[in-house]
Structures are given as structure tokens and as C-alpha cells.
Amino acid sequence: MRQAGTVNDTTTSLFIKICGLRTERDVDTAVEAGADAVGFVFSASPRQVDAATAARLCRRVPEHVLTVGVFRDEPLPDVRALAGEAGIRAVQLHGSEGREYYDDLGAGGWTLIRAAAFGEAAPPRCGELGEDLLLLDAPVPGSGVAWDWSGAAAAVPGPGEKWLLAGGLTPDNVRAAVAAARPWGVDVSSGVERSRGIKDPALITAFAAAARATARPPA
Ligand SMILES: O=C(O)c1ccccc1N[C@@H]1O[C@H](COP(=O)(O)O)[C@@H](O)[C@H]1O
């Protein structure tokens, strides 16, 4: 069972996050497909939800599935207010938020996910800003554009570090992406949509099945 401020790590399966959910059907499909985390985007995006919508959707999510709010350089009081009102348990930050920003949210009990674009000057390390989990993404988050995952395995996380691979994943490429990048888990949004911002239940199910069938590479 996950607790706020932690991320479960009791299995050898890939951790699977399905992001950008906006409807009851999206959430129910992701949960039934076996997602470990579901994401709600609060930043400007075709997938943006307001706090009331996220709160309604979060109430459908069972305890063992982590609810994640996605933000990018929003004022800290807004993040606290939105995350609190929605009742989400983890905050995923895509901007240039600094250590004090992370410390504040960490003190509030939220699990912290730091998103970084691979290829930044200094390869990121999980925990540098107090985050619980690192997410390596394409330069434009939520774009559905893949990047050269093969460099990540050698360049980014240290042995055993928890990090999620995101950016252009699909049911068809997730297996190869994991083999190339060797992440702890995977995160998808565009690759499970039939058009921008509109999730496709069959693709969510197919993605989760493909990821579930892919063993997490040994540390
Ligand atoms: O989805 C968005 O529009 C978004 C907006 C702002 C910050 C992050 C966003 N999405 C994140 O992008 C990856 C998924 O990328 P892809 O669409 O599968 O290529 C995931 O981490 C989302 O949380």
C-alpha cells in the first residue's frame, strides 16, 4: 500500500503511470488496466482539468493507485491549493521549480516527482531537489514526441534509482523503449489518445498490457 511521500517498490514489474485523464471513463479504464498511477494536468494543456473535476475523478481511484497532479511553474500557493482541493497525493513538476518549492510541498506530505528533459547540461539525479521520483521526458512535455532513449540508461540514473521514462511512448514501442532506457517505470499520455486530449480506452488497456508484459530491467 502506498503512503504519501513514498512510492511503492515491492515488485519487479514496471511502474505504470497513465497521464492526462479527464473523464470517469479514462480513470476507470486506467485503474482496471492495472495502472500504478494516474495523472491530472493542471497546467495549460488540451488535457487541463480544474480542481473540482480532478477531485471528482480522484474519488474513483482506489488507495493502491497513486493520484498525481501535473504542474509547470505555477505559483506555489496555487499548487498547494489545487492539489489540496483535488485531493491528489503526488505532485509532478515540469518547470524550473527550486529546492525551497520542493521542500514546501514535501513538508505538505505530497510525493514529489521531478520532470526533466533528457539532454540537459548536467544529467539529473533522483533526489537532488528532494524529489521521491525522477521523470525523464521529451523537451516538450505531453507532445507525444519520442527522444533518443538509448542514452538514458548509461547517462542518467545511478544503479537502482527510481525514474520514469516518458515522451512518445505507445503500446507498440514501450517494450523497445524500456530495453533501451532501462527505467524503473513508464509514463504515457499522447500514446493512449485517439486525438489530442481525448483518451482511447483500447489504447490505455493495450499500453498497460504491453508494459506489464515487460519486466523491469535489473538495477
Ligand atoms: O500533457 C500535457 O499537456 C502536459 C502539460 C504540461 C506538463 C506536462 C504534460 N504532460 C506530461 O508529458 C508526459 C507524457 O508525454 P507524452 O504525451 O506521452 O509524450 C507525462 O509526463 C505527462 O505528465
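Given the structure is predicted, the values throughout are model-derived calculations rather than measurements. Just so it is clear, the values below take in all heavy atoms, side chains as well, and ignore hydrogens, waters and symmetry mates. Note that ligands are numbered from 1 as they come in the structure, with each ligand's atoms numbered from 1 the same way.
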Any idea which protein heavy atom is nearest atom 13 (C) of ligand 1, and the distance to it? Asp137 OD2, 3.5 Å
Has the side chain of Asp36 got a donor or acceptor atom that lies under 3.5 Å from a matching backbone atom of Leu66? no
Residue Arg72 vicinity, atoms of ligand 1 by number, heavy atom under 4.0 Å: 6 (C)
Starting from atom 1 (O) of ligand 1, locate the nearest protein heavy atom and write down its residue, its atom name and how far away it is, to 0.1 Å. Arg47 NH1, 2.8 Å
Can you find a heavy atom in the side chain of Phe71 that is under 4.5 Å from one in the side chain of Leu82? yes
What I want to know is whether Gly144 and ligand 1 share at least one N or O pair that is separated by under 3.5 angstrom. yes
Protein heavy atom at shortest distance from atom 22 (C) of ligand 1: Cys19 SG, 3.6 Å
Checking side chain to side chain contact (heavy atoms under 4.5 Å, CB included) for the pair Leu164/Leu133: CA distance, chi angles, key distance, verdict? CA-CA 8 Å; Leu164 300 181; Leu133 192 55; 3.9 Å; yes
Heavy-atom nearest neighbour in the protein, as seen from atom 5 (C) of ligand 1, with distance rounded to 0.1 Å: Val41 CG1, 4.0 Å
Those atoms of ligand 1 less than 4.0 Å from some heavy atom in Ser190: 16 (P), 17 (O), 18 (O)
Heavy atom of the protein closest to atom 18 (O) of ligand 1 (residue, atom name, distance): Ser189 N, 2.9 Å
When distances are taken from atom 4 (C) of ligand 1, the protein heavy atom at minimum range is Pro141 O, 4.0 Å
For Leu135, take its heavy atoms, then give the atoms of ligand 1 lying under 4.0 Å from any of them. 21 (O)
Can Glu74 and Ser43 be counted as having a side-chain donor-acceptor contact under 3.5 angstrom? yes
So, Ser189 and Arg196: side-chain donor and acceptor under 3.5 Å apart, yes or no? no
Quick note on ligand 1: atoms under 4.0 Å from a heavy atom of Val70 include exactly 7 (C), 8 (C), 23 (O)
Residues Ala138 and Ala117: closest non-hydrogen pair is O-CB, 4.0 Å
Under 4.0 Å from a heavy atom of Ser45: give me the atoms of ligand 1 that qualify, with their elements. 2 (C), 3 (O)
What one should report as the nearest heavy-atom pair of Val178 and Val186 is CG2-CG1, 3.8 Å
I need the atoms of ligand 1 closer than 4.0 Å to a non-hydrogen atom of Val188, numbered in the order shown. 18 (O)
Which residue supplies the protein heavy atom nearest to atom 21 (O) of ligand 1, what is that atom called, and how far is it? Asp187 OD2, 2.6 Å
Taking atom types as modelled, is there a side-chain donor on Thr170 or Asp172 under 3.5 Å from an acceptor on the other? no
Would Gly168 count as a polar contact of ligand 1, with the cut-off being nitrogen or oxygen pairs under 3.5 Å? yes
Separation of Ser143 OG from Asp137 CG (nearest 0.5 Å): 7.0 Å
Just one of Glu131, Lys17, Arg114 clears the side-chain contact (heavy atoms from CB on, under 4.5 Å) bar with Gln92, so which one? Lys17
Could you work out, for atom 12 (O) of ligand 1, the closest of Gly20, Pro46, Ala115, Gly142 by heavy-atom distance? Gly142
Atoms in ligand 1 with a heavy atom of Lys17 nearer than 4.0 Å: 23 (O)
Just so I know, are the side chains of Phe207 and Ile18 near enough to count as touching, which here means a heavy-atom distance under 4.5 Å? yes
